[in-house]
Amino acid sequence: MSADIDYARYDRIRPIRWTGDALELLDQRKLPFVVEYLSCRTSDEVAAAIHALAVRGAPAIGIAAAWGVVLATRAIDSDDVTDAASKLEPALQRLNAARPTAVNLAWALARMRAALARAGADWRDALEREARAIDTEDLAANRRMGALGAALIEPGSGVLTHCNTGSLATAGFGTALGVIRAGVAQGRIDEVFAGETRPWLQGARLTVWELQQDGIDATLIADAAASHLMKTGKVQWVVVGADRICANGDTANKIGTYQLAIAAKHHGVKVMVVAPSSTVDMATASGDLIEIEERDPGELHGIGGTRTVAEGIGAWNPVFDVTPHDLIDAIVTEKGVIEHPDAASMRAAFGA
Ligand code: MRU
């Protein structure tokens, strides 16, 4: 079994491209049938793209926001760094407000603010360097997590994933999907199942398409088929990403992750959360303190723009849920693996 991964084969998609004067985002609202980049030339266009899910996935929205700050500098005429910082702040606030649950967004903006605070007269270049660093560090973290997470998976295993955590959701390679790519490349994973991920269908529209680009077969299931699948014994791990991991290991991720973890516990299937340390939020003690984004109930009223529900029906559309840490077998970050996470093991790994 080789630990080497052919990244040219297993890492083909780039959702975020910086051209020097625009940010190009692979428009995830249009996939899989239209592969088209949306060009953003202002930070407000980036904020709107994040809000509208043209770019999505916790690490990807952090990276996009960092480049959004670089775009915001183009509208600042001051050479003085302190003056520039105060003039940039409203744009940073608008980027931060684009989505509430993934901590990577606030984390990336905090890094950009800190880079600005350290900078001198070259503050424009310093911000561009920082955005590039956030991007390249994410790719490196994903490759490292791929190796760490795959090592936990016994050869011959089946895995079930949820939402899209791949190249599309990151700088490249992916978090949970990176582990799955590495596990397939190393011959550990025999079968990959992906849940549709109602209502936005990240699994059906993005994950199985993304794996297909690498030549990895994945079997799509209805979200509601997950317990039935686990009962057949075909999956040994649920492998998912995260939008925010709290100080006690509680993890916010795409709606439906919590019920997968409950079902996994019942069937003796293990749960692996894979996320870069930029998703760890040691300032939030536990999952009940996380703001859960609620989106347009209209997402539940139809599919692909066609109404499927009678007029006048109300709907509730929280798009994330929180999996309590005691349902998680392993949290994998680029810094290492935390088995059976709790407040003590999180503190040991990430400090106070
Ligand atoms: O609403 P989305 O599509 O941005 O939600 C994405 C998820 O929940 C992912 O699982 C998470 O951000 C991790 S992506 C590497």
Side-chain angles (χ1 to χ4, degrees), residues 11 13 15-16 25-29 31 49-65 98-108 135 137-139 141-146 149 160-181 194-207 209-211 223 238-245 251-261 271-281 287 290-296 299 317-323 328 331-334:
D11 189 13
I13 297 164
I16 300 171
L25 301 170
L26 180 53
D27 194 336
Q28 303 194 26
R29 298 167 298 183
L31 289 170
I50 292 171
H51 182 72
L53 308 185
V55 60
R56 45 143 301 282
I61 65 178
I63 296 162
R99 294 192 76 186
T101 303
V103 73
N104 306 62
L105 185 54
W107 171 88
D135 197 325
E137 287 169 24
D138 187 64
L139 180 58
N142 292 337
R143 291 179 174 181
R144 174 86 188 122
M145 292 187 291
L160 169 62
T161 191
H162 190 57
C163 195
N164 172 270
T165 62
S167 303
L168 288 168
T170 64
F173 198 59
T175 59
L177 223 53
V179 167
I180 291 172
R181 285 188 157 103
E196 282 182 299
T197 319
R198 290 274 299 145
W200 212 72
L201 300 174
Q202 286 91 334
R205 295 194 304 104
L206 307 178
T207 296
W209 174 79
E210 188 180 323
L211 290 174
D223 297 324
V238 170
V239 188
V240 292
D243 287 82
R244 191 180 293 249
I245 302 173
T251 294
N253 191 48
K254 180 51 57 192
I255 192 78
T257 305
Y258 178 29
Q259 66 188 20
L260 286 180
V271 174
M272 188 191 307
V273 170
V274 189
S277 56
S278 55
T279 306
V280 173
D281 176 11
I290 299 173
E291 183 182 348
I292 298 293
E293 179 181 3
E294 294 184 12
R295 293 188 73 88
D296 182 1
E299 288 181 357
N317 189 20
V319 298
F320 298 100
D321 59 25
V322 175
T323 301
I328 298 170
I331 292 178
V332 178
T333 76
E334 79 282 11

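Order of listing sets the numbers, starting from 1, for every ligand and every atom in it. The first residue of the sequence shown is numbered 1, and numbering continues consecutively from there.
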Open item on the list: Checking the side chain of Glu299 only, and the main-chain atoms of Trp200 only, is there a donor and an acceptor separated by less than 3.5 Å?
Closed with: no

Open item on the list: For Asn253, give me all partners under side-chain contact (heavy atoms from CB on, under 4.5 Å), at least two apart in sequence or on another chain.
Closed with: Val240, Asp243, Thr257

Task: Listed partners of Asp296 passing side-chain contact (heavy atoms from CB on, under 4.5 Å), at least two apart - done: none

Task: Ala194 backbone acceptor or donor facing Thr161 side chain under 3.5 Å - done: no

TODO: With sequence neighbours left out, write down each residue that passes side-chain contact (heavy atoms from CB on, under 4.5 Å) with Arg143, or none if nothing qualifies.
DONE: Tyr7, Asp11, Arg14, Leu139, Phe173

Enumerate, one pair per line, all nitrogen or oxygen atoms of ligand 1 lying under 3.5 Å from a protein nitrogen or oxygen, stating the separation to 0.1 Å; write 'none' if no such pair exists.
unit_1, atom_1, unit_2, atom_2, d
ligand 1, 1 (O), Arg99, NH1, 3.4
ligand 1, 1 (O), Arg99, NH2, 2.8
ligand 1, 1 (O), Lys254, NZ, 2.8
ligand 1, 3 (O), Arg56, NE, 2.4
ligand 1, 3 (O), Arg56, NH2, 3.3
ligand 1, 3 (O), Gln202, NE2, 2.8
ligand 1, 4 (O), Gly57, N, 3.0
ligand 1, 4 (O), Arg99, NH1, 2.8
ligand 1, 8 (O), Asp243, OD1, 2.8
ligand 1, 8 (O), Asn253, OD1, 3.2
ligand 1, 8 (O), Lys254, N, 3.2
ligand 1, 10 (O), Asn253, OD1, 2.6
ligand 1, 12 (O), Ala58, N, 2.8
ligand 1, 12 (O), Asp243, OD1, 3.2
ligand 1, 12 (O), Asp243, OD2, 3.0

Open item on the list: Could you check whether any side-chain N or O of Thr251 sits under 3.5 Å from a backbone N or O of Ile245, counting only pairs where one atom can act as donor and the other as acceptor?
Closed with: no

